[in-house]
Amino acid sequence: MESNKKIYCSLFDYENWRFYLAATSRGLCYVGSPNSPFTELEEWARRYFPEHRIIEDDALLKPYKAELMEYFQGERKTFTFPVDLQGTSFQQEIWQALQQIPYGKTYTYSQIAAMVQRPNAVRAVGAAIGANPLMISIPCHRVIGKNGKLTGFRGGLEMKKALLKLEQYP
């Protein structure tokens, strides 16, 4: 069972962004913030996978990197790799809703709350979106404020703007 107690990680580079990707034997579990230190991954892993050791393994992360690169190059609109999402049932519900936002479209936090039939839980929805461990592949960058403004994003508003531009959002 030792192999089940490992998180495999690798650095992913695209233009001026560099971030850690991490996967378990079940699938991608984490996409780090751009240009963040390894300690960000360590802190996240300690919280969600406390029994696991982090091991660098570029080969194992290669399929995930390939799909992300295709996305950044405008050749991929959806991701097909397996994931291993760790979060509360509410977070899981919100992350599933995020995956329903079509490429090139944006939804508001209120729309996501309505999708999960909790129209009064907009702040809780925002918190769950902020806890999304799979930035980019679970498209939290497609969520904007009710007034159409870009709001918080773990990758920073410049990255959010760049991802939306890549997807041709006005």
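Side chains are part of it too, since the values below use all heavy atoms of this structure and drop only hydrogens, waters and symmetry mates. Index from 1, following the sequence.
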Practice task
Output, in order, the C-alpha distance, side-chain angles, deciding distance and verdict of side-chain hydrogen bond (donor to acceptor under 3.5 Å, both in side chains) for Tyr20 and Glu56.
Solution key: CA-CA 10 Å; Tyr20 283 95; Glu56 192 169 337; over 6 Å; no
Problem - Taking every non-hydrogen atom, the tightest pair across Arg142 and Lys77 - result: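 In terms of heavy atoms, the two residues are closest at NH2-O, 4.1 Å.
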Would a hydrophobic clustering, with Ile, Leu, Val, Met, Phe, Trp and Tyr connected at side-chain separations under 4.5 Å, put [X] with [Y]?
{"X": "Phe49", "Y": "Leu61", "result": "no"}
{"X": "Leu41", "Y": "Val83", "result": "no"}
{"X": "Trp17", "Y": "Leu11", "result": "no"}
{"X": "Val116", "Y": "Leu134", "result": "yes"}
{"X": "Leu163", "Y": "Leu98", "result": "yes"}

Under 3.5 Å, which donor-acceptor pairs do the side chains of residues 26-34 form with other protein atoms, sequence neighbours left out?
residue, atom, partner, partner atom, Å
Tyr30, OH, Glu40, OE1, 2.8
Ser33, OG, Glu40, OE2, 2.9
Ser33, OG, Arg154, NH1, 3.4

Does a side-chain heavy-atom distance below 4.5 Å link [X] with [Y]?
{"X": "Leu85", "Y": "Gln91", "value": "no"}
{"X": "Tyr71", "Y": "Glu167", "value": "yes"}
{"X": "Ile55", "Y": "Leu60", "value": "no"}

Under a 3.5 Å distance rule, please check whether [X] uses its side chain to pair with a backbone N or O of [Y] as donor and acceptor.
{"X": "Glu67", "Y": "Pro63", "result": "no"}
{"X": "Lys160", "Y": "Val143", "result": "yes"}
{"X": "Tyr107", "Y": "Ile101", "result": "no"}
{"X": "Gln111", "Y": "Thr108", "result": "yes"}

From [atom1] ([X]) to [atom2] ([Y]), nearest 0.5 Å:
{"X": "Lys65", "Y": "Tyr14", "atom1": "NZ", "atom2": "OH", "result": "15.5 Å"}
{"X": "Ile54", "Y": "Trp44", "atom1": "CD1", "atom2": "CH2", "result": "9.0 Å"}
{"X": "Met135", "Y": "Cys140", "atom1": "CE", "atom2": "SG", "result": "7.0 Å"}
{"X": "Glu158", "Y": "Phe153", "atom1": "CD", "atom2": "CZ", "result": "12.0 Å"}
{"X": "Ile94", "Y": "Thr88", "atom1": "CD1", "atom2": "OG1", "result": "9.0 Å"}
{"X": "His141", "Y": "Leu166", "atom1": "NE2", "atom2": "CG", "result": "8.0 Å"}

Practice task
With side-chain hydrogen bond (donor to acceptor under 3.5 Å, both in side chains) as the test, would you mind laying out the steps for Tyr109 and Thr151 before giving the verdict?
Solution key: CA-CA 10 Å; Tyr109 293 91; Thr151 56; 2.9 Å; yes
Exercise for the section: Check the pair Phe72, Phe12 against side chain to side chain contact (heavy atoms under 4.5 Å, CB included), reporting the backbone distance first and the verdict last. Expected result: CA-CA 12 Å; Phe72 281 119; Phe12 176 80; 3.5 Å; yes
Practice task
Check the pair Leu21, Tyr8 against side chain to side chain contact (heavy atoms under 4.5 Å, CB included), reporting the backbone distance first and the verdict last.
Solution key: CA-CA 8 Å; Leu21 302 181; Tyr8 306 96; over 6 Å; no
Problem - side chain to side chain contact (heavy atoms under 4.5 Å, CB included) partners for Arg46, two or more places apart - result: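 Side chain to side chain contact (heavy atoms under 4.5 Å, CB included) check on Arg46 returns Glu42, Glu43.
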Handout entry: Selection residues 112-137 - residue pairs positive for side chain to side chain donor-acceptor pair (under 3.5 Å), sequence neighbours left out
Key =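 Every pair satisfying side chain to side chain donor-acceptor pair (under 3.5 Å) with a residue in residues 112-137: Glu93-Arg118.
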Problem - Test log, rule side chain to side chain contact (heavy atoms under 4.5 Å, CB included), inputs Ile138 and Phe79 - result: CA-CA 9 Å; Ile138 294 183; Phe79 296 94; over 6 Å; no
